*Asks:* 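Can you read through this structure? Questions will come right after.
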Amino acid sequence: MSEGERPIKREVTLHASRDEVWRALTEAELAEQWIADEVELDLRRGGEVVFRYDGGEERHGRVREVVEEERLRIRWRRDSRPESEVEFVLADAAAGTRLIVVESVPARVPFASAGGWRDRLFALEVLALTGGAAATVRA
Amino acid sequence: MSDDRVGAVFSALGDPTRRHLLESLTHGRATISGLAAGLPVTRQAVSKHLATLGHAGLVRSERAGREVLFEITPGGMGEPARWMAEVGAEWDERLARLSELFAAEGGHE
């Protein structure tokens, strides 16, 4: 995550092995059971990713980093919204595997480089008003 | 925006129940009872969370007869807050589905 990005983080412990969680994340057939209704994932750096939802929503992006059974980083974009980065990190947990998801939305330059939360927040506000405001809210 | 206000905004967004309340309010104005109905917490707890969100300038209230209606503050930090709440809510849903997936399969295939 670079300066000026605002992360949204979630964690879950799954009663499954690292291998099983990795497959649930990277094999389309399994990912289609939780991430999106239709998943295309070319699992290599620069590979294309497409997530489609039954409601018609589509997200397109690229793989940024793949570390087998450890880390997957993609950048995706929904409709006209700003592109965001999603990082999945797998870690061993006492009862299975911990999956940490961080979605970071970049604040635009020059606001992000101006430094300080005030500027970043302003950038987020601008982004939301220009890119996010028209987006529909999930029913 | 003052640094105090910025701190209040992020502190307010740091709690899952408050993010859920913001997400709920993206569907329109609501009363405390209405908001509490969809949550496993008391009206008192919802009231306290709304006060925190109000202090951060993210929601505002308006009296309508005997009821008090809450809504997301237009402009200001309201829009980014709504958008961030939405992204968070999406992951909550996806990870809940993933947990169910493994629970249903007993971790094996």
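Here is the naming used below: chain letters follow the sequence lines, and residue numbers restart at 1 for every chain. Keep in mind the model is a prediction, meaning the values are calculated, not measured. All values below come from the heavy atoms of this structure, side chains included, with hydrogens, waters and symmetry mates left out.
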*Asks:* At a heavy-atom separation under 4.5 Å, does Ile35(A) approach chain B through its side chain, its backbone, both, or neither?
*Replies:*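 Answer is both: backbone and side chain atoms of Ile35(A) are under 4.5 Å from chain B.
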*Asks:* I'd like to know which of Leu99(A), Val101(A), Val86(A) tops the heavy-atom pair count under 4.5 Å against chain B.
*Replies:*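 The option with the most such pairs is Val101(A).
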*Asks:* Applying side-chain hydrogen bond (donor to acceptor under 3.5 Å, both in side chains) to Ser33(B) and Arg43(B), what does each step give before you reach the verdict?
*Replies:* CA-CA 6 Å; Ser33(B) 300; Arg43(B) 283 183 80 255; 3.1 Å; yes
*Asks:* Measure distances from Ala96(B) to the heavy atoms of chain A and classify the residue's part below 4.5 Å as side chain, backbone, both or neither.
*Replies:* neither
*Asks:* Heavy-atom distance under 4.5 Å between the side chains of Leu50(B) and Ile32(B), does that happen here?
*Replies:* yes
*Asks:* Ignoring hydrogens and angles, state whether a donor on the side chain of Trp76(A) or Glu83(A) is under 3.5 Å from an acceptor on the partner side chain.
*Replies:* no
*Asks:* Arg73(A) pairs by side chain to side chain contact (heavy atoms under 4.5 Å, CB included) with which of Arg62(A), Arg45(A), Glu87(A)?
*Replies:* Glu87(A)
